[in-house]
Every structure is written in C-alpha cells, then in structure tokens.
> 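My structure is below; once you've seen it, I'll send some questions.
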Amino acid sequence: DIDPVNFADADYAGCMGTSRSTSGAFMTLRGPDTRFPLGAVSQGQKCVSHSTTESEVVAADNALRTEGLPALDLWDTVFEWNCVLKVMEDNEAMIKIMRSGRNPTMRHVGRTHRVSIQWLHEVFQEPFLSLEYVQLDMQAADIMTKGFTNPDKWEAVRTLIYHVDPKNFWKAPIDGVVPAIPCYED
C-alpha cells in the first residue's frame, strides 16, 4: 500500500519587512516500507495573516492547488485505482475550520482568506482527500518555512524529508512511519 501524502505548513509573519508568512509543502509517496519524495515548495504568501491559523489556511490552499490535486490524476493512472491524497496539517484549529467551513472568531478575514477557507472546506468533502493531523515534530513541510540554526533540529527536519547523512544512514532508528525524531520546540 503506497499513498500520496501532502504536508502543508506555514511560518506565521516570518518576513520582518512585510509581516507576511511563508507557505511550505512537501509531497511524497509513503507506504509501510516505502518513502519517495516527489516535490517541495517554499513560497512567500501574497497576503498578510492575523493569526497562525489564517497563515496555515493559505499554506494548505497553496499546497493542495500546486502539489496535491495535480498529482492525483497521475497517481490514479499509475496505481490503477482511485487514490486518496492524505493532507497532513499540524494546526488543529485550521483542521476544525476546514471541516466546518467557518469559525466565528475569524469573522474578520478578508476576501483572500475567506475564499481559501470556503474552497478548502468544499474540496475536503471529496472522497479523494483526507485531512489528517500530524504532530509538529513530524511535520515534513516545516523545513520549507523557516531557517534552522540548531544542528539537532536541522537533522530532525532533514530526516522528515528523507534527506539523511550517508554516514549515519544505517544508524537511524526506524519506527512504523518514519525514522524516529526527538520532539523539539521552535
């Protein structure tokens, strides 16, 4: 069993000059014993968000439109069955908004964010998409959104996108999903 998986993440207001966020996406094929990276995107957002949740909405919209959905037709043909694209998100508030289509505390959102919310809510109703929560320390798109100065954090996020140091490859512990990564905080 191999599934296409699309990780989406944002770095809220990471640009000091504009206060805009950065969107990150990492597309991969995954199975019990299979990991194959397909693509990655790091892109500055074109709008200013008022919260982490808003920036995560924009990042998920970008990841799905540019990486996730275009790949589904190809994988349906390659695998000769209707694939389900797993979209991995580390912001629980964003996931709740995608499932409900609204959030009373975000009535202030402008047109850009409102359109993203409504489109994502609509598209996540489709049977070919699965929106799933991923813990922050397992968020593979995190490396696409910010710089890392801590060597341990850098090694951890590199491992999430299957970029390993050949010297340490055989030393890496393996669990049922990806190599075990110690928890860290930003």
Side-chain angles (χ1 to χ4, degrees), residues 1-12 14 21-46 52-53 55-92 94-95 97-99 116-117 119-148 153-165 169 172 174-181 186:
D1 293 334
I2 299 173
D3 296 306
V5 181
N6 194 2
F7 290 85
D9 196 25
D11 178 30
Y12 172 59
S21 304
T22 301
S23 294
F26 178 67
M27 184 77 177
T28 182
L29 289 177
R30 291 173 79 174
D33 299 312
T34 304
R35 310 283 183 275
F36 192 82
L38 299 171
V41 174
S42 177
Q43 182 177 29
Q45 294 183 1
K46 306 294 186 233
T52 299
T53 302
S55 64
E56 293 280 350
V57 166
V58 176
D61 180 282
N62 186 53
L64 205 50
R65 284 185 304 104
T66 62
E67 294 288 315
L69 292 179
L72 271 180
D73 288 336
L74 173 65
W75 299 122
D76 286 347
T77 302
V78 168
F79 295 134
E80 297 181 351
W81 76 78
N82 293 330
C83 291
V84 174
L85 175 64
K86 294 178 184 176
V87 179
M88 309 303 284
E89 175 58 50
D90 63 7
N91 187 291
E92 292 179 88
M94 183 275 197
I95 292 172
I97 293 168
M98 292 309 97
R99 293 193 173 137
S116 291
I117 290 168
W119 181 78
L120 286 167
H121 171 68
E122 186 176 304
V123 78
F124 278 123
Q125 305 305 308
E126 298 291 343
F128 52 80
L129 289 177
S130 172
L131 179 59
E132 300 180 20
Y133 175 76
V134 63
Q135 292 179 351
L136 177 62
D137 62 330
M138 299 301 284
Q139 174 55 276
D142 195 31
I143 195 172
M144 309 302 164
T145 65
K146 64 181 80 61
F148 292 87
K153 289 181 184 179
W154 176 242
E155 182 64 28
V157 294
R158 278 188 25 219
T159 304
L160 291 174
I161 61 168
Y162 325 129
H163 187 278
V164 294
D165 184 342
F169 180 75
I174 298 177
D175 64 15
V177 181
V178 296
I181 306 298
D186 286 324

> Taking Glu67 for its side chain and Asn6 for its backbone only, find out whether a donor-acceptor pair lies under 3.5 Å.
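Between the backbone of Asn6 and the side chain of Glu67 there is no qualifying donor-acceptor contact (under 3.5 Å).
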> Output the distance between atom OH (Tyr162) and atom OG1 (Thr28), rounded to the nearest 0.5 Å.
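Spacing of OH (Tyr162) from OG1 (Thr28) equals 3.5 Å.
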> Can you find a pair of side-chain heavy atoms, one from Trp75 and one from Ile2, that are under 4.5 Å apart?
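A side-chain contact under 4.5 Å is absent here.
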> Tell me whether Asp3 contacts the main-chain N or O of Arg30 through its side chain, where contact means a donor paired with an acceptor under 3.5 Å.
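Here the side-chain-to-backbone pair does not exist.
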> Would you say that more than 12 heavy atoms from the other residues, nucleotides or ligands in this model lie under 6.0 Å from the CD of Gln125, or not?
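Atom CD in Gln125 is crowded, with more than 12 foreign heavy atoms closer than 6.0 Å.
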> Who pairs with Glu132 by side chain to side chain donor-acceptor pair (under 3.5 Å), at least two apart in sequence or on another chain?
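Glu132 satisfies side chain to side chain donor-acceptor pair (under 3.5 Å) with Ser130 only.
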> Over all heavy atoms of both residues, which pair between Asn91 and Met94 is shortest? Give the atoms and the distance, please.
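Scanning both residues, the minimum pair turns out to be OD1-N, 2.8 Å.
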> Regarding Gln43 and Ser23, do their side chains bring together a donor and an acceptor under 3.5 Å, going by distance alone?
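The answer is no; no qualifying pair exists.
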> Is Thr22 reaching over with its side chain to a backbone N or O of Gly44, donor-acceptor style, under 3.5 angstrom?
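Not at all, since once roles are kept as given, no pair shorter than 3.5 Å links the two residues.
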> Compare all side-chain heavy atoms of Phe7 with those of Ile161 and state whether any distance is below 4.5 angstrom.
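Side chain of Phe7 against side chain of Ile161, heavy atoms only: no contact under 4.5 Å found.
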> Looking at every non-hydrogen atom in both residues, tell me the closest pair between Gln139 and Leu160 and how far apart they are.
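Here Gln139 and Leu160 meet closest at O-CD1, 3.7 Å.
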> Considering all heavy atoms of both residues, which atom of Leu131 and which atom of Arg99 are nearest to each other, and what is their separation?
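Scanning both residues completely, I find the closest heavy atoms to be O-NH2, 2.7 Å.
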> Nearest 0.5 Å please: distance from the CG atom of Leu72 over to the CG atom of Leu85.
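One finds 5.0 Å between CG of Leu72 and CG of Leu85.
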> Find the distance between CH2 (Trp119) and CE (Met98) and round it off to the nearest 0.5 Å.
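It comes to 10.5 Å.
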> For atom CZ of Phe36, decide whether the heavy atoms of other residues, nucleotides or ligands shown that lie under 6.0 angstrom number more than 12.
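No, the 6.0 Å shell around CZ holds no more than 12 heavy atoms from other groups.
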> Does Thr145 have any side chain to side chain contact (heavy atoms under 4.5 Å, CB included) partners at least two apart in sequence or in another chain, and if so, which?
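Partners of Thr145 by the side chain to side chain contact (heavy atoms under 4.5 Å, CB included) criterion, ordered by chain and then number, come out as Asp9, Asp11, Asp142.
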> Please tell me if the side chains of Phe128 and Leu69 come closer than 4.5 Å, counting only heavy atoms from C-beta onward.
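SC-SC contact between Phe128 and Leu69 confirmed.
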> If you compare all heavy atoms of Ile143 against all heavy atoms of Trp154, which two are closest, and at what distance to 0.1 Å?
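Scanning both residues completely, I find the closest heavy atoms to be CD1-CZ3, 3.6 Å.
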> Indicate the atoms forming the closest heavy-atom contact of Ala10 with Gln45, along with that distance.
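Closest heavy-atom pair between Ala10 and Gln45: CB-NE2, 4.0 Å.
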> Mind listing the closest non-hydrogen atom pair of Met27 and Ala71 along with its distance?
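Nearest heavy atoms, Met27 then Ala71: CE-CB, 3.7 Å.
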> CG of Leu120 to CD1 of Ile95: how many Å apart, nearest 0.5 Å?
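Reported to 0.5 Å precision, the distance equals 12.0 Å.
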